[in-house]
Amino acid sequence: PFLHGNISHKNPFFMKIAYIIPKPSNTGPILVVLELVKEMSRHGHNCTVYHFDKGDEIIFPCRTQQISFFQKINFDHFDIIHTHGLRPDCYIFLHKPLKSKTLFITTLHNYIIPDFSYQYNKFIAYTIGNLWMLGIRRHDKIVTLSQDAMKYYQRRLPLQKLTYAYNTRSLPHSELIDEQSRQKILQFKKDSFILGVNAALTDRKGIDQIIKALKELANYKLIIIGDGKSKIPLENLSVNEQVSERVLFLGYQKDAYRFLPFYDLFILPSRNEGFGLTLLESALYKKNVVCSRIPIFEELCPQGEVTFFELENIPSLVKAIQTASQSPDLGNKLYQRYIQSFSPNVFYKRYNQIYNNL
């Protein structure tokens with residue numbers, strides 16, 4: 001069946017936009033779609049979110065509808081169809097008509113082949129990655145998350161279809177953690193300096209580097225929030241490095257940003273990253289941040305807003321943590337960078353420009 005929203009234009013400058021996602025889950029790409037819906041709706045555009053799988057972790061402030069992969073949306077009811085993720089991109093490849101006045105956009109939230117390489121063997125990563133990039137050539141515009149990502153895709157996709165837009169993140173600062181978790185953290189902290197990590201626990205996130213660095217940081221402790229296939233290896237590593245009493249694993253926590261007030265320093269030790277929404281969350285809390293020196297973080301923080309360390313170089317990480325611990329204005333600099341380049345208003349203007357340029 002054809003699916004559509006009962007929407008009518010009251011203002012020719014307002015757009016009807018459909019976002020297609022895999023599932024309303026608490027993941028980086030879906031949080032970006034949530035920010036898009038909030039900002040587009042706030043400026044008068046009419047948004048609808050379609051998703052394939054059930055989920056209630058994210059509540060969108062607009063009409064939502066679950067569809068199957070083989071149900072066809074009536075594209076003519078929208079000015080823009082904006083997809084996020086492999087399945088939504090495949091959906092457009094399958095259903096997009098040869099001629100349509102509707103404009104089709106995708107946002108790529110990662111570096112496809114390198115990201116897949118951390119999940120699968122190189123053959124599968126290369127095969128799936130190239131098929132994905134072949135399929136999205138049917139879209140009218142392909143948005144990356146940074147200039148660095150745009151350069152990466154220039155060798156693989158039509159240059160005239162590529163552009164970039166930085167993400168944003170807005171948070172309700174009134175959200176608090178439960179009292180039991182609060183007491184657990186305070187008992188763990190005592191008079192120590194707390195390092196914090198909020199991440200999916202995979203090798204790509206590089207958290208093992210922090211555990212190794214703890215041996216050289218006597219009065220520091222580490223809180224890790226998140227779950228994933230690397231959790232048990234990380235727990236074993238903390239035992240092998242004889243720092244297990246200074247590492248607290250709190251598992252998956254919904255809205256992990258709520259734990260930021262308890263960290264003295266936030267660490268982003270990623271080996272590969274599409275963007276890093278936790279960097280923006282840290283900026284909103286004016287936290288001092290240590291980042292791995294990878295191209296995306298260097299682009300996002302080009303003027304000393306964070307302290308960098310060299311990947312796989314534990315002495316470099318130790319030094320960066322010590323330096324950031326003694327830099328009282330670092331968090332304020334990061335917050336000013338957020339206001340300048342990553343605020344919801346900047347984010348809206350950029351995507352509105354991309355939509356209208358089409």
Side-chain angles (χ1 to χ4, degrees), residues 20-23 25-33 51-53 69 82-94 104-139 141-159 161-165 167 197-209 226-234 237 252 268-279 291-300 310-312:
I20 307 178
I21 61 174
K23 177 182 179 180
S25 57
N26 187 30
T27 59
I30 308 308
L31 291 174
V32 173
V33 178
H51 57 96
F52 301 123
D53 301 334
F69 187 80
H82 192 164
T83 56
H84 298 258
L86 177 57
R87 272 191 294 163
D89 288 343
C90 291
Y91 178 88
I92 297 304
F93 179 81
L94 177 66
F104 294 81
I105 299 172
T106 181
T107 293
L108 295 177
H109 294 264
N110 57 2
Y111 298 76
I112 290 175
I113 294 176
D115 193 43
F116 278 170
S117 296
Y118 282 98
Q119 304 174 53
Y120 313 105
N121 64 51
K122 289 185 178 180
F123 175 77
I124 293 176
Y126 185 82
T127 302
I128 296 177
N130 278 287
L131 286 174
W132 187 352
M133 286 185 281
L134 182 65
I136 60 175
R137 288 169 177 261
R138 293 208 69 202
H139 284 72
K141 206 69 179 176
I142 301 165
V143 184
T144 67
L145 301 187
S146 66
Q147 296 178 61
D148 182 73
M150 187 173 166
K151 290 177 184 176
Y152 169 83
Y153 285 110
Q154 281 177 1
R155 304 190 299 273
R156 298 164 173 85
L157 294 166
L159 178 59
K161 290 193 174 188
L162 286 169
T163 189
Y164 76 94
N167 286 336
V197 173
N198 300 344
L201 304 189
T202 65
D203 185 55
R204 181 172 66 88
K205 294 296 185 178
I207 299 167
D208 56 291
Q209 299 169 96
D227 206 352
K229 62 182 181 180
S230 291
K231 183 177 181 180
I232 293 176
L234 289 171
L237 178 63
Y252 171 80
L268 270 164
S270 306
R271 294 184 168 98
N272 178 273
E273 197 70 62
F275 189 83
L277 287 179
T278 54
L279 177 65
C291 290
S292 52
R293 191 180 292 279
I294 58 176
I296 181 60
F297 294 149
E298 288 187 301
E299 178 180 336
L300 299 182
E310 306 301 328
L311 267 178
E312 318 304 342

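The figures that follow rest on heavy atoms only: side chains count, while hydrogens, waters and symmetry mates do not. Count residues from 1 along the sequence.
You'll find the side chain of Y153 stays beyond 4.5 Å of the side chain of I142, heavy atoms only. For the pair T202/Y118, no side-chain contact is recorded, criterion being any heavy-atom separation below 4.5 Å from C-beta on. With a 4.5 Å cut-off on side-chain heavy atoms, L94 and F69 count as touching. Two residues are said to be in side-chain contact when any heavy atoms from C-beta on lie closer than 4.5 Å; L311 and R271 meet this criterion. Side-chain contact check for I136 versus L157: some heavy-atom pair is nearer than 4.5 Å. C291 has its side chain within reach of L279: a pair of non-hydrogen atoms, C-beta onward, lies under 4.5 Å apart. Between F104 and R138, every side-chain heavy-atom pair lies at or beyond the 4.5 Å cut-off. Between L31 and N26, the closest side-chain pair of non-hydrogen atoms falls below 4.5 Å.
Taken to the nearest 0.5 Å, the CG atom of D148 stands 12.0 Å off from the OH atom of Y164. Taken from CG in L131 to CD1 in I112, the straight-line distance is 10.5 Å, to the nearest 0.5 Å. To the nearest 0.5 Å, the span separating CD1 on I92 from CZ on R87 amounts to 14.0 Å. Rounding to the nearest 0.5 Å gives a distance of 13.0 Å between CE of M150 and CG of L145. To the nearest 0.5 Å, the span separating OH on Y111 from CD1 on I296 amounts to 4.5 Å. Interatomic distance, CG of L162 versus NZ of K151, reported as 13.0 Å (0.5 Å rounding).
With sequence neighbours left out, R156 forms a salt bridge (charged side-chain N to carboxylate O under 4.0 Å, His left out) with no residue at all. Under the ring pair (Phe, Tyr, Trp, His ring centres under 6.0 Å) criterion, H84 pairs with H82, H109, sequence neighbours left out. P233 meets the side chain to side chain contact (heavy atoms under 4.5 Å, CB included) test with no other residue; sequence neighbours excluded. Residues passing the side chain to side chain contact (heavy atoms under 4.5 Å, CB included) test with L86 are C90, I128, W132, sequence neighbours excluded. Taking S25 as the reference, K23, T27, I30, E57 meet the side chain to side chain contact (heavy atoms under 4.5 Å, CB included) condition, with sequence neighbours excluded. Looking at residues two or more places apart in sequence or on another chain, you find a side chain to side chain contact (heavy atoms under 4.5 Å, CB included) between Y120 and F116, I124.
The minimum heavy-atom distance between T144 and S146, with the atom names listed, is OG1-O, 3.0 Å. Minimum interatomic distance between T278 and N198 (heavy atoms only, all atoms of both residues): CG2-O, 3.5 Å. Residue P114 comes nearest to Y152 through the heavy atom pair CD-OH, 3.0 Å, listed as atom of the first residue, atom of the second, then distance. The two residues S292 and S270 make their nearest non-hydrogen contact at OG-O, 2.6 Å.
With E299 contributing its side chain and Q147 its backbone, the two residues share a donor-acceptor pair below 3.5 Å. Although no hydrogens or angles enter the test, the distance criterion places no donor-acceptor pair under 3.5 Å between the side chain of R293 and the main chain of E310. Between the K161 side chain and the H139 main chain, a donor and an acceptor come within less than 3.5 Å of each other.
Between the side chains of T83 and D89, a donor-acceptor pair is found at a separation under 3.5 Å.
Other residues, nucleotides and ligands place no more than 12 heavy atoms under 6.0 Å from the OH atom of Y126.
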